[in-house]
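Each remark here refers to the structure printed beneath this line.
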Amino acid sequence: MGPLMNTPIILSLPNEAATGALAARAARLARPGDAILLDGPLGAGKSAFARAFLRAASGDPALEVPSPTFTLVQSYGLPQGMAHHMDLYRLEGPDALPELGWEEAAEGILLVEWPDRLGPYAPPDALRITLAPAEEPEARTATLSGWDTPRLTALATLA
């Protein structure tokens, strides 16, 4: 671990509302140029997190947020700039990223599901959120890492 790396923070999210609250805090803290990498198995809550993030960032709780499973990218004009929600599950590999408009998208806020498909394109300073199902049906464990300590601490503060 280098000097810029911080210790991951592990949060217990008892229900979907808690996952949504975490996403809303991330939306308040995110700035253009930030990448948020959402990791975890199928059904772990990556899309629910992205949907809650985009609704909070847009200020529209009813914002239509379709899954980009087939389109791979959905873009949103937010008050703080453009945001791009990418689901890379079906991506052939990192070589296909330039044709998805990766460089331009990286100037906005990126929400990336299945970030293991990014290969060398994975931003080193990205916020990584790993979601894992817990005992209860809606419960999740979230492991947060990658942002500087003040932002990561603000994200993890359940206020």
Side-chain angles (χ1 to χ4, degrees), residues 1 4-31 33-58 61 63-76 78 83-97 100 102 105-106 108-149 151-158:
M1 290 243 223
L4 295 176
M5 293 300 288
N6 46 34
T7 305
I9 296 174
I10 299 174
L11 297 179
S12 180
L13 305 172
N15 52 39
E16 196 167 327
T19 301
L22 176 64
R25 286 195 304 279
R28 283 196 303 275
L29 294 165
R31 308 185 282 256
D34 280 344
I36 299 172
L37 308 182
L38 302 170
D39 229 333
L42 281 170
K46 298 180 296 294
S47 294
F49 180 97
R51 191 173 298 114
F53 178 101
L54 290 162
R55 287 177 175 160
S58 70
L63 180 70
E64 179 98 8
V65 182
S67 172
T69 302
F70 294 101
T71 57
L72 301 186
V73 185
Q74 290 285 136
S75 298
Y76 301 86
L78 302 176
H84 308 279
H85 178 200
M86 297 185 164
D87 181 335
L88 303 182
Y89 186 72
R90 297 178 188 285
L91 191 74
E92 293 291 322
D95 293 346
L97 282 166
L100 285 182
W102 175 259
I109 296 170
L110 283 169
L111 289 161
V112 181
E113 296 184 49
W114 303 100
D116 55 312
R117 309 283 202 280
L118 289 172
Y121 289 92
D125 57 350
L127 169 63
R128 286 189 169 272
I129 300 178
T130 302
L131 296 167
E135 298 287 313
E136 297 299 314
E138 278 192 19
R140 300 287 178 262
T141 300
T143 304
L144 315 176
S145 64
W147 271 356
D148 58 64
T149 302
R151 280 211 298 172
L152 204 60
T153 303
L155 178 60
T157 303
L158 303 171

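This chain uses plain numbering: 1 for the first residue, then up along the sequence.
For the pair Leu78/Ser58, a side-chain contact is recorded, criterion being any heavy-atom separation below 4.5 Å from C-beta on. The side-chain heavy atoms of Leu91 and Trp114, taken from C-beta on, include no pair separated by under 4.5 Å.
Note that the OG1 atom of Thr7 and the CG atom of Leu144 stand 12.5 Å from one another [nearest 0.5 Å]. In this structure, Trp147 CH2 and Leu155 CG are separated by 6.0 Å, a value rounded to the nearest 0.5 Å. Rounded to the nearest 0.5 Å, atoms CG (Leu72) and OG (Ser67) are 10.0 Å apart. Atoms CG and CD1, on Leu111 and Ile36 in that order, are 5.0 Å from each other to the nearest 0.5 Å. Considering CG of Leu97 and CG of Leu88, their distance stands at 6.0 Å, rounded to 0.5 Å. With rounding to the nearest 0.5 angstrom, the NE2 atom of His84 is 11.0 Å from the CG atom of Leu54.
Residues in residues 111-121 take part in no salt bridge (charged side-chain N to carboxylate O under 4.0 Å, His left out) pair, two or more places apart or across chains. Judged as a salt bridge (charged side-chain N to carboxylate O under 4.0 Å, His left out), not a single pair has a partner in residues 87-97 (not counting sequence neighbours). Every pair tested for salt bridge (charged side-chain N to carboxylate O under 4.0 Å, His left out) that includes a residue from residues 44-56 fails, sequence neighbours excluded, so the list is empty.
The minimum heavy-atom distance linking His85 with Pro68 is given by the pair CE1-CD, 3.3 Å. Closest non-hydrogen pair, Leu152 versus Gly146, comes out as CD2-N, 4.5 Å. In terms of heavy atoms, Leu13 sits closest to Ala142 at CD1-CB, 3.7 Å. Considering every non-hydrogen atom in both Arg25 and Leu11, the closest pair reads NH2-CD1, 4.4 Å. Scanning all heavy atoms of the two residues, the minimum distance from Leu110 to Ala106 falls at CD1-CA, 3.7 Å. The minimum heavy-atom distance between Arg128 and Ala122, with the atom names listed, is NH2-CB, 4.2 Å.
Take Asp39 and apply the side-chain hydrogen bond (donor to acceptor under 3.5 Å, both in side chains) test, not counting sequence neighbours, and it matches no residue. Thr141 is linked by a side-chain hydrogen bond (donor to acceptor under 3.5 Å, both in side chains) to nothing, counting only residues two or more places apart in sequence or in another chain. When the side-chain hydrogen bond (donor to acceptor under 3.5 Å, both in side chains) test is applied to Thr130, no partner is found at least two apart in sequence or on another chain.
Between Trp102 and Tyr121, the angle of the ring planes goes over 60°, which puts this pair in the perpendicular group of the 30/60° scheme.
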> For Val65 and Tyr76, what are the C-alpha separation, side-chain angles and deciding distance, and is it a side chain to side chain contact (heavy atoms under 4.5 Å, CB included)?
Replying inline: CA-CA 9 Å; Val65 182; Tyr76 301 86; 3.5 Å; yes
>> Pair Asp34, Arg151 - check side chain to side chain contact (heavy atoms under 4.5 Å, CB included), show working.
In response: CA-CA 12 Å; Asp34 280 344; Arg151 280 211 298 172; 2.8 Å; yes
> What's the verdict on side chain to side chain contact (heavy atoms under 4.5 Å, CB included) for Leu29 and Leu127, showing C-alpha distance, side-chain angles and the deciding distance?
Replying inline: CA-CA 11 Å; Leu29 294 165; Leu127 169 63; over 6 Å; no
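Within a 6.0 Å radius of CD in Gln74, more than 12 heavy atoms belonging to other residues, nucleotides or ligands are found.
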